[in-house]
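Letters A, B, ... mirror the listed sequences (proteins, then strands); counts begin at 1. Since the structure is predicted, the reported quantities are computational estimates derived from the model, not experimental observations.
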Number of protein chains: 2
Amino acid sequence: MKTLGKTLKEAREQNSLKLRQVEDATGISNAYLSQLENDKIKNPSANILYKLSSLYNLELNSLMAASGAIKKKEDDTVSLLNSVAFSAESLSKEEEEALIEYLKFLRFSKKK
Amino acid sequence: MKTLGKTLKEAREQNSLKLRQVEDATGISNAYLSQLENDKIKNPSANILYKLSSLYNLELNSLMAASGAIKKKEDDTVSLLNSVAFSAESLSKEEEEALIEYLKFLRFSKKK
DNA sequence: ACAAAAATCTAAATATATCAAGCAAAATTA
DNA sequence: TAATTTTGCTTGATATATTTAGATTTTTGT
């Protein structure tokens with residue numbers, strides 16, 4: 001399993017962001033960001049992980065897993081069920097299932 | 001929005017658990033659990049929230065929202081953009097947009 | 001190559017999460 | 001009812017997350 005630091009640094013570079021820019025965007029000091037990326041921090045707050053996952057368009061679960069909060073990994077379906085829905089009214093069961101089916105379809109037809 | 005403390009306490013009682021049972025199950029001290037339930041803690045770690053959501057069968061997201069880690073929600077579109085995710089690989093831009101369109105379609109045809 | 005600027009990292013200070021111990025109310029049991 | 005146990009809580013101690021300031025490294029322009 002990739003460390004939290006590696007995961008965060010890769011994500012930041014993928015988005016071509018500097019530590020200072022991340023600081024401006026999230027309010028997290030660049031010094032602390034550096035420590036996070038160098039695995040000096042064992043237990044960051046949910047707040048911090050959420051802000052970063054949000055900025056980098058990462059799934060929170062992958063950050064939590066990298067940070068050691070989550071140890072085991074589920075399959076796609078369970079993962080989607082658990083992760084979808086920050087919105088005011090979350091997705092209904094039917095909507096979730098429909099979206100999962102639709103995504104499978106999307107990916108299937110993409111493979112040609 | 002219900003506070004984190006209220007959310008945790010309700011969940012624990014729903015499962016008929018005592019603070020010390022939760023301590024045994026999670027390794028989180030009953031003293032700290034009490035502080036959490038009384039909203040004395042502003043920024044718990046991702047670790048703690050994950051363990052509790054796991055034990056109580058709660059959505060991690062609902063705990064994060066209650067803890068204030070997840071701010072307020074915008075409209076469905078932005079919210080979905082920020083939240084949908086899969087375990088192995090995250091959604092591509094195209095897939096996100098396709099899913100959002102599809103959800104709009106789902107909800108539109110439901111209204112009839 | 002050199003100076004200036006930008007970017008990252010380190011160290012010390014501070015804030016806050018988390019724990020250990022013990023207290024008081026409530027519940028249980030004899 | 002009194003003794004014992006259980007339960008939730010408070011307080012003080014400690015560990016660790018997070019910040020501020022500054023040092024070091026890397027990049028950029030000339």
Let me confirm one number: the [atom1]-[atom2] distance from [X] to [Y], rounded to the nearest 0.5 Å.
{"X": "A:Ser54", "Y": "A:Leu49", "atom1": "OG", "atom2": "CG", "value": "12.0 Å"}
{"X": "B:Tyr56", "Y": "B:Thr7", "atom1": "OH", "atom2": "OG1", "value": "11.5 Å"}
{"X": "A:Glu23", "Y": "A:Asn30", "atom1": "CD", "atom2": "CG", "value": "4.5 Å"}

Closest-nucleotide ordering on DNA chain C, the 5'-leading residue of B:Asn30 and B:Ile48: B:Ile48
More than 12 heavy atoms from other groups under 6.0 Å of CD on A:Gln14: no
B:Gln21 CD: over 12 foreign heavy atoms closer than 6.0 Å: yes
For atom CD1 of A:Ile28 and atom P of C:dT8, their distance in whole Å: 15 Å
A:Asn47 CG to C:dA15 P, straight-line distance once rounded to whole Å: 18 Å
Strand contacts (DNA chain D) in residues 4-20 of chain A, 4.0 angstrom heavy-atom criterion: none
Strand contacts (DNA chain D) in residues 33-45 of chain A, 4.0 angstrom heavy-atom criterion: A:Gln35, A:Ile41, A:Lys42, A:Asn43, A:Pro44, A:Ser45
Any side-chain heavy-atom pair of B:Leu52 and B:Val22 under 4.5 Å: yes
Side chains of B:Leu63 and B:Pro44 in contact at under 4.5 Å (non-hydrogen atoms): no
Reference residue A:Leu33; test side-chain contact (heavy atoms from CB on, under 4.5 Å); the match among A:Leu19, A:Asn38, A:Ile41, A:Ile48: A:Leu19
